[in-house]
Amino acid sequence: MAEILFISLFVLMVLGLPVAFAMAISVFAAIGLGSSYPQIVVVKEMFSGLDSFPLLAVPFFILAAEIMTGGAITHTLLRFAAQFVGHLRGGLGYANVISSTMFAGISGSALADAAGPGAMMIRMMEKGGYDRSYAGALTISSAVVGPIIPPSIVMIIYALQDQEVSVGSLFMAGVIPGLLLAGGSLAANGWVSWKRDYRSDEARPERAQMWRNSLMALPTLGLIVLIVGGIRGGIFTPTEASVIAVFYALFCGFFVYRALHLRDLPGLILRAALISSAVLLILGAARAFAWVLVIEGVPQFLAETIIAWELSPILFLLAVNVLLLLFGLFMDPLPGVMILVPILAPISHALGIAPDHFAIVVIVILTLGLTTPPVGSLIFVVSSAVNLKPAALIREMPPFFLANFVVLMLLTFVPALSTWLPSISGF
């Protein structure tokens with residue numbers, strides 16, 4: 001069954017079939033050709049993978065991000081970030097990274113970051129004299145922060161695969177790594193802007209205007225504080241936080257910014273439903289895929305093999321880095337977490353690696369796969385959003401690849417960057 005499973009998946013993905021369908025069809029092929037199980041077991045496992053209360057947070061966080069985008073939140077964040085750094089050399093690039101980092105505290109998704117404030121920021125940077133392909137590459141890099149800074153859809157899925165971590169602890173663990181990734185993008189933008197002399201002709205806003213922009217941004221920033229603070233204080237669970245985020249976004253859109261109207265809601269809900277359906281379809285197919293691996297004993301075999309090598313924790317983490325970087329070239333983070341975490345997490349626990357540390361390393365590596373060809377989803381989202389060829393974006397990516405690699409090595413070799421905040425937060 002395992003051979004049929006992997007060969008089918010490889011062939012279907014080479015043919016260009018979407019990941020969810022490729023995984024589901026390969027499972028049906030493995031069951032039909034390599035076992036005596038009835039085909040209905042595949043459907044049963046797909047539904048079992050979605051039968052989870054914490055998964056309710058996924059569609060609600062997606063809906064909250066859609067409402068925030070439709071309710072003028074994105075424009076507010078852009079103005080707030082640009083007023084502090086927009087007048088500097090490379091300032092609009094800094095504003096791009098800062099606004100994406102703040103939006104990450106709302107959306108929990110790299111693709112939402114790139115399609116929302118990222119697409120708007122690319123147009124602003126182009127008007128400010130930046131090369132459009134460079135602005136797109138910077139947006140791709142800054143959007144990586146989306147799944148790392150809480151809330152995070154990928155972290156919710158990870159916590160369902162590894163009982164040694166909780167959603168709350170992962171949310172806390174992601175804060176410092178997310179800020180480091182943002183810092184890496186800021187540093188790369190500073191170097192490129194100095195080299196190419198990217199400057200802005202806009203003067204710094206007057207103090208009164210800066211106060212107005214900051215006051216307008218306060219309700220938006222309040223959502224980030226509400227989500228993280230509420231979970232940290234034990235006031236509500238991450239799933240409950242997602243529902244609160246939706247109502248908070250509605251309140252801000254209707255009554256604070258007054259940019260949201262009742263006629264807008266059907267379209268926003270429809271977009272959120274379509275995105276949620278795509279995410280949940282991938283999760284269901286990945287659950288069935290993982291089930292075949294388990295009954296075939298693949299995780300147990302790999303675990304026994306790796307433990308027999310007597311690797312040190314550091315060597316194991318380096319091996320995981322290489323494996324997941326290769327895996328991320330061809331598959332998105334959600335199916336990667338569903339398939340690989342049940343295999344790798346028990347081994348990391350046996351080697352004494354802190355669960356939160358290992359989780360952050362895995363999530364960061366798989367998220368970086370969104371920026372790498374040939375299947376990097378962020379590349380194609382930005383390419384379609386601003387009508388650029390993927391090759392033009394990829395040519396501008398090396399400085400950001402280097403910055404992200406440095407941060408990844410720091411996270412791999414310094415566990416405290418991932419474990420300190422959860423430990424002082426009581427997790």
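The minimum heavy-atom distance between L411 and L180, with the atom names listed, is CD2-CD1, 4.2 Å. Taking each heavy atom of M155 and L170 in turn, the nearest pair found is SD-O, 3.3 Å. A pairwise comparison of heavy atoms in P333 and L370 identifies CD-CD2, 3.5 Å as the closest pair.
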(request) Test R271 against L63 for side chain to side chain contact (heavy atoms under 4.5 Å, CB included), laying out the working first. (result) CA-CA 8 Å; R271 282 199 299 273; L63 178 58; over 6 Å; no
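Applying the side chain to side chain donor-acceptor pair (under 3.5 Å) test to residues at least two apart or on different chains, the pairs with a partner in residues 346-371 are D162-H349, S169-D356. Within the structure, the side chain to side chain donor-acceptor pair (under 3.5 Å) test picks out the following pairs touching residues 170-186 (sequence neighbours left out): S141-S185. Screening residues 416-427 for side chain to side chain donor-acceptor pair (under 3.5 Å) gives no qualifying pairs among residues at least two apart or on separate chains. The salt bridge (Lys or Arg N to Asp or Glu O under 4.0 Å) analysis of residues 132-155, with sequence neighbours excluded, yields the pairs E126-R132.
Partners of S142 by side-chain hydrogen bond (donor to acceptor under 3.5 Å, both in side chains), not counting sequence neighbours, listed by chain and number: N96, S100. E164 pairs by the side-chain hydrogen bond (donor to acceptor under 3.5 Å, both in side chains) definition with nothing, not counting sequence neighbours. For V167, the side chain to side chain contact (heavy atoms under 4.5 Å, CB included) criterion is met by I156, A159, F171, P238, not counting sequence neighbours. Applying the side chain to side chain contact (heavy atoms under 4.5 Å, CB included) test to P398 and every residue at least two apart in sequence or in another chain returns nothing. Scored by the side chain to side chain contact (heavy atoms under 4.5 Å, CB included) test, S277 finds no partners at all (sequence neighbours excluded). Evaluation of the side chain to side chain contact (heavy atoms under 4.5 Å, CB included) rule for L262 yields F254, L265 as partners, not counting sequence neighbours.
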Donor-acceptor contacts under 3.5 Å from residues 19-28 side chains, at least two apart:
residue, atom, partner, partner atom, Å
S26, OG, A22, O, 3.1
S26, OG, M23, O, 2.7

Let me have the donor-acceptor pairs involving side chains of residues 317-326, under 3.5 Å, with sequence neighbours excluded, atom names and distances please.
residue, atom, partner, partner atom, Å
N321, ND2, L317, O, 2.7
N321, ND2, T412, OG1, 3.4

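Residues I31 and W291 are in side-chain contact: their nearest non-hydrogen atoms beyond the backbone lie under 4.5 Å apart. Side-chain contact check for F60 versus I244: every heavy-atom pair is 4.5 Å or farther apart.
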